[in-house]
Amino acid sequence: MDNNLEKETFEGDEQISKLSLEDHIRLAEQYFNAWGGLTKGLPILKEEKRQELTTFNLADKGYGLRHLATHLELSGKVAELHKLLALEDDQGRNLWYRTKKHFELVDSYAKDVERALKLADKSEQAISLQLKYLLILSSINKLNTSLYPDLVEELIKTELWSSSRAFQYAKQVGDEAEQVEFLLMLIPLLPKDTLDSVFLIAEKMQDEINKEEVLSVLTQYLPIEVLTATMLMNNEISRAKVLTQLVKHLPEAGGEIYGQVLAAVETMEDELSRVDILGNLAEHAPNIRNEVSSRLLKIADETEHNYVRTDIFTKLATYSTDTGLLNRAVEIAENSKDEQARRDILLAVVKHISSGDELFVKVLDLAEKITDDKIKAEFFTALSKFLPERKEELLGKVFTAVDSIEDENLRFELLSSLVKDVPQKVLAAVENIGDEYVRAKLLTSLVDFLPDKANEILSKALEASEAILDDEVSKGEALSALAPHIPEKLLSAVDKIRDDYSKALAMAVLAQHVPDRQDLAFRKQALLDTALQVARTSQGDDRKTDILTTLAKQLPEKVLEVAKTISDEYIKEDVLVALSSSVPEQVLAETSSLNDQFSKANILNALAVVLAARPAEDLAKFWPQVVSILSTFDRPTLLSNLTKYIEIVQKLGATKGNIQEAIEYSYKLVS
C-alpha cells in the first residue's frame, strides 16, 4: 500500500465531495491496485489474503473499505461500482459483503448498496440490478427476514419459487410449529414423489400435536404409511384425530386395513374419539357400514353420557334410511335438553323423510318447540336450503317459524335466505316485521327479484327508512342502500338525517348515483361539498375514513388534501388506497412520507393494479418512487410486493428469471 495514503484519507460526505474528479479517480485506482486489481477479482480481499488487508486497514483506518464506493460514484465509474458489488470469492460468496462483514462494516456495505441502487437506472441492466439491490437491502438491513407460509404460497403461485424450492426453505425452518404451517400449505402443491420426504419429517416431530396436523393432511396421499405411523403415537386424542381423517381415504378393498382401524378404536378410552372415527367409517366405507353401525349402537346403549349418544345418532341419521333408527334418533332429539344437539339430529333425519310421513310432522313439531330463537332460526334457515326440491312440503313450516321468532334480526336472516326462491312470500312476510331498519333492508333486497313490483317495493323501503327515528347510523345505511335505485327521491331524505357523520356518508354514497344532468348538477355538488366539509372538520380520524374513501373517485384532489392531515397511518392508508386509481403519482409521493412499512406495502399493492395497465413509458416515471419505497421494506414485505409487481417489472424490461435470480442471490449473500 502507498505510504502516503494515510495522509490522503478524508472523512465526512462534505469533505469528500470537495475533492476533484482526479482525486476521486486516483483514490479509487490506488485501492483497486493495492487489492490486486478489479479485473483480477481483488484477490487480496479473499479470506486467505486477509492478513495483508488488515495491514492496509491499519494504515488507512479502514478508509478504503468505507469510502471506495463513494469515490467510484463521484468519479463517474458506476460500472466499476456494480462490478465491485458483484465480485465473488473462490467459494462463490459475495466478496465485498464478506470483507465488510469481517471488519464489522455491514452498515457501510448497506450504504454502498443503497448508493448503487440509486445509480442503477443508468445501467443497461437497470431493472435487474434494482431488483438485486432491493433484495440485498431487505436481507441485511432488517430484523425480520423470515418468510411466512402465505407469502411462500404466493411466491409459488407467481412462479417466483417452485414448490420444491419452497420445500427446501421449509426444511430449514427451526421452529417445529412454524414448520408445520409451511408443510400444511405445501403438501397439496408438492410433487407426489416429494411427499415421502414430508412424511419422514412428520415422523420425527417431537410434539405429537404437530405430528397429528401433518399426518392428518397426508392421509389422502399416503394412507397406508400414515396408518402405520399413527398406531405408534402415544397421545390418544392426536391418534384419534388422524384416524378420523384417515378413514376417509383408505382404499375400498381394504378389509385388513379396516380391521386394524377397528382394532385401534377398541383400545381407545375416549368415547367421542371412537364415535368420530366410526362415524367417518360408516360414511366412507359402505362395505362395512352394518358392522360399524352395530358398534356405534353398542356405544350408544352403554354410554352414560347423553351428548355421546346424541352425537352417535346424528352421525347414523346422516346416512341411514332405516325407519327404526330414524325414529329412535327423533326420540333422542325429543328427550335432549341441548337444543343445539336437537337441531343437528333433526336436520340429519329430515333429509330422509317425506311430508306424508308421520315422522316428518314430528320432526317439524319438535323444531318449532325449540325455545332458543337463534337455534330455531338456524334450523329453518338450513331447512330452507332444501328448496326448491321440497318447497311445498317445507315452506309453510318455515314461514310459521318466522312468525314465532321474536328477534327481528334473526327473522331477517331467515327471510333473506328465501328471497331468491320465494320473493313473493317474503314480501308478504315483511308486513309483520316491526323493526323499520330490518324491513327496509328486506324490501331493498327484494327489488331485483320482483321487478314488476319494484316501484311499490322501493316506495315502502323509502318509507321504512325515513321512519327510523332512534338510530341515525341505521337510517343512513338504509337510505344509502336505496341510492342506486331512487337517487333523486333521496335528495331531500338525506337532509333529514340528524347525525352529521351519518348524513355525510349517505350524501357521499348518494352523489355517486345522482344522474349527471344539468338540472341536478347544483344538488349533486352540494352533496359532495357537505360530505367533504364534515370529513374536514371531523375530530376523529376514524370517522373521516368512510366518507373520504366514498368520495375518493369523485373528488380525488380534495380528498387527498384532507388525507394529508390524518395522523393515524392505518386510517390514512385506507384513504390512499381508495385514491390510488385516481391520483397515483400523488399517492406515491404521500406514501413515501409514511413510517409504517405495512401501510406502505398495502398502498403499493393497490397501486400495482393501477400501474399494470399503464404503458412502459408511463411506468418509467413511477418506478423510481416505487423503488425508493421498496428499499425500506424487510424481505418478506418486499417479496410480497414483488409478487404484485411482476407484470410491471416485465414491462420495464425484466423477466421472472431476473427476479428469481435476485431472490436466490440475496439468500446466498447472507447464508
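Positions are given from 1 along the sequence.
Cation-pi geometry between Arg165 and Tyr667 is met: under 6.0 angstrom from the ring centre, within 45 degrees of the axis. Under a cutoff of 6.0 Å and an axis angle of 45°, Lys420 and Phe449 do not form a cation-pi pair.
With respect to Glu488 and Arg523, no salt bridge is recorded, no charged nitrogen being found less than 4.0 Å from a carboxylate O. Between Lys572 and Glu569, none of the side-chain N atoms (NZ, or NE/NH1/NH2) sits under 4.0 Å from a carboxylate O, so this pair counts as no salt bridge. Under the 4.0 Å criterion applied to side-chain N and carboxylate O atoms, Lys524 and Asp516 are assigned as salt-bridge partners. Salt bridge annotation for Glu408-Arg411: present, with a cationic side-chain nitrogen under 4.0 angstrom from a carboxylate oxygen. Lys100 and Asp112 are joined by a salt bridge, as a carboxylate oxygen and a charged side-chain nitrogen come within less than 4.0 angstrom of each other. For Lys374 and Glu378, the salt-bridge test passes: some basic side-chain N is under 4.0 Å from an acidic carboxylate O. Electrostatic pairing of Lys621 and Asp618 counts as a salt bridge here, judged by a charged N lying under 4.0 Å from a carboxylate O. Using a cut-off of 4.0 Å between Lys/Arg side-chain N and Asp/Glu carboxylate O, Arg93 and Glu88 are scored as not salt-bridged.
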- Query: Does the pair Trp161 and Glu664 meet the rule for a side chain to side chain donor-acceptor pair (under 3.5 Å), with working shown?
  - Reply: CA-CA 10 Å; Trp161 266 12; Glu664 295 307 319; 3.2 Å; yes
- Message: Go through it in stages, so that I can follow the logic: the residues are Ser417 and Phe412, the test is side chain to side chain contact (heavy atoms under 4.5 Å, CB included), and I'd like the CA-CA distance, side-chain angles, deciding distance and then a yes or no.
- Response: CA-CA 9 Å; Ser417 70; Phe412 168 77; over 6 Å; no
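Environment of CD in Glu617: crowded, with over 12 heavy atoms of neighbouring residues, nucleotides or ligands closer than 6.0 Å. Atom CD of Gln168 is surrounded by more than 12 heavy atoms from other residues, nucleotides or ligands within 6.0 Å. The environment of Lys656 atom NZ is dense: over 12 non-hydrogen atoms of other residues, nucleotides or ligands sit within 6.0 angstrom. Heavy-atom contacts from other residues, nucleotides or ligands closer than 6.0 Å to CZ of Phe622 number more than 12. Shown here is Lys171, whose NZ atom has more than 12 heavy atoms of other residues, nucleotides or ligands within 6.0 Å.
Taking the ring-ring contact (aromatic ring centres under 6.0 Å, His included) definition, one finds that His485 meets it with nothing, sequence neighbours left out.
Here Ser631 contributes atom OG and Leu135 contributes atom CG; the two are 12.0 Å apart, rounded to the nearest 0.5 Å. Here Ser628 contributes atom OG and Lys118 contributes atom NZ; the two are 8.0 Å apart, rounded to the nearest 0.5 Å.
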